[in-house]
S.K.: 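Just dropping this structure here.
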Amino acid sequence: LTLGVLFVNGLIQLGVMELFGEIKTASDQLGVEEGSLNPSDVWLLLLSTSLVAPVVEEFLFRGLLYRWLRERRGVRAAAVISAAIFAVTHFIPLLMPSIFVLGLALAWVAERYGSLYPPLALHATFNAIATLALVAAG
């Protein structure tokens, strides 16, 4: 599922580039300059993006917001609204479509398995791959 979400995100980024022209790299958008990360920075970045952020975000977005919306608006509306808020709160406009798709996938996984552990695992894996790609590109 993680590879599928990464593939869809790649397609979305191609569409965004077609619409808006050349876009900044993920490194540029996230403020990571080439050669600016030493090994301890990489471990800290991996820890924060692949463990801390997924735990906090899954608790807030799927554990609280999605479940609250699901009770009031149903599964589909809850998935779309929570994914949209998830994307907007990342504050990276050019990545918002991709983050929205990730949010939809995470909501689907949370609904499918009735637990926060599977979307947490997906989120952590997705972020780890994205962070390692960012580090490798930098």
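Small disclaimer: the values here were computed from a predicted structure and weren't measured. One is the number of the first residue; the rest follow in order along the sequence.
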S.K.: Measure the spacing between OG of Ser82 and CG of Leu65 and express it to the nearest 0.5 Å.
M.R.: 5.5 Å

S.K.: Could you pull out all residues at least two apart from Ala124 that satisfy side-chain contact (heavy atoms from CB on, under 4.5 Å)?
M.R.: Pro54

S.K.: Under a single-linkage definition using a 4.5 Å side-chain heavy-atom cutoff for Ile, Leu, Val, Met, Phe, Trp and Tyr, are Leu46 and Leu51 assigned to the same hydrophobic cluster?
M.R.: no

S.K.: According to a hydrophobic-cluster definition based on side-chain heavy atoms being under 4.5 Å apart (Ile, Leu, Val, Met, Phe, Trp, Tyr only), do Leu47 and Ile129 belong together?
M.R.: no

S.K.: For a ring-ring contact (aromatic ring centres under 6.0 Å, His included) check, start with the C-alpha distance between His123 and Phe61, then their side-chain angles and the critical distance, and finish with the verdict.
M.R.: CA-CA 12 Å; His123 194 157; Phe61 289 101; 8.7 Å; no

S.K.: Mind checking whether Val8 and Leu102 have side chains closer than 4.5 Å, heavy atoms only?
M.R.: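 Not in contact.
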
S.K.: Of all the heavy-atom pairs spanning Asn127 and Thr49, show the shortest one and how long it is.
M.R.: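 Asn127 and Thr49 have their closest heavy atoms at ND2-O, 2.7 Å.
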
S.K.: Do Val80 and Phe100 make a side-chain contact, defined as non-hydrogen atoms from C-beta onward lying under 4.5 Å apart?
M.R.: yes

S.K.: Could you measure the distance from the CG atom of Leu11 to the CG atom of Leu14? Nearest 0.5 Å is fine.
M.R.: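 Nearest 0.5 Å value for the CG-CG distance: 6.0 Å.
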
S.K.: Pick out which of Ile81, Val75, Ile85 makes a side-chain contact (heavy atoms from CB on, under 4.5 Å) with Tyr66.
M.R.: Val75

S.K.: Looking at every non-hydrogen atom in both residues, tell me the closest pair between Ala87 and Ile99 and how far apart they are.
M.R.: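 Closest approach of Ala87 to Ile99: CA-CG2, 3.5 Å.
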
S.K.: Suppose we screen for side-chain contact (heavy atoms from CB on, under 4.5 Å). Which residues come up paired with Leu44, at least two apart in sequence or across chains?
M.R.: none

S.K.: Is there a path of hydrophobic side-chain contacts, each under 4.5 Å between heavy atoms of I/L/V/M/F/W/Y residues, joining Phe59 to Leu122?
M.R.: yes

S.K.: At their closest point, which heavy atom of Ala78 faces which heavy atom of Arg70, and how far apart are they?
M.R.: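 Looks like CB-N, 3.3 Å.
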
S.K.: Would you say the side chain of Leu60 lies within less than 4.5 Å of the side chain of Val56, judging by non-hydrogen atoms?
M.R.: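 Result yes, sub-4.5 Å side-chain heavy-atom pair found.
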
S.K.: Kindly write out the residues that satisfy side-chain contact (heavy atoms from CB on, under 4.5 Å) with Trp108, not counting sequence neighbours, or none if the list is empty.
M.R.: Leu1, Arg112

S.K.: Which heavy atom in Leu104 sits nearest to a heavy atom in Ala83, and how many Å separate them?
M.R.: N-CB, 3.6 Å

S.K.: Considering all heavy atoms of both residues, which atom of Arg62 and which atom of Leu116 are nearest to each other, and what is their separation?
M.R.: CB-CD2, 3.6 Å

S.K.: Please tell me if the side chains of Phe86 and Leu106 come closer than 4.5 Å, counting only heavy atoms from C-beta onward.
M.R.: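 They are in side-chain contact.
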
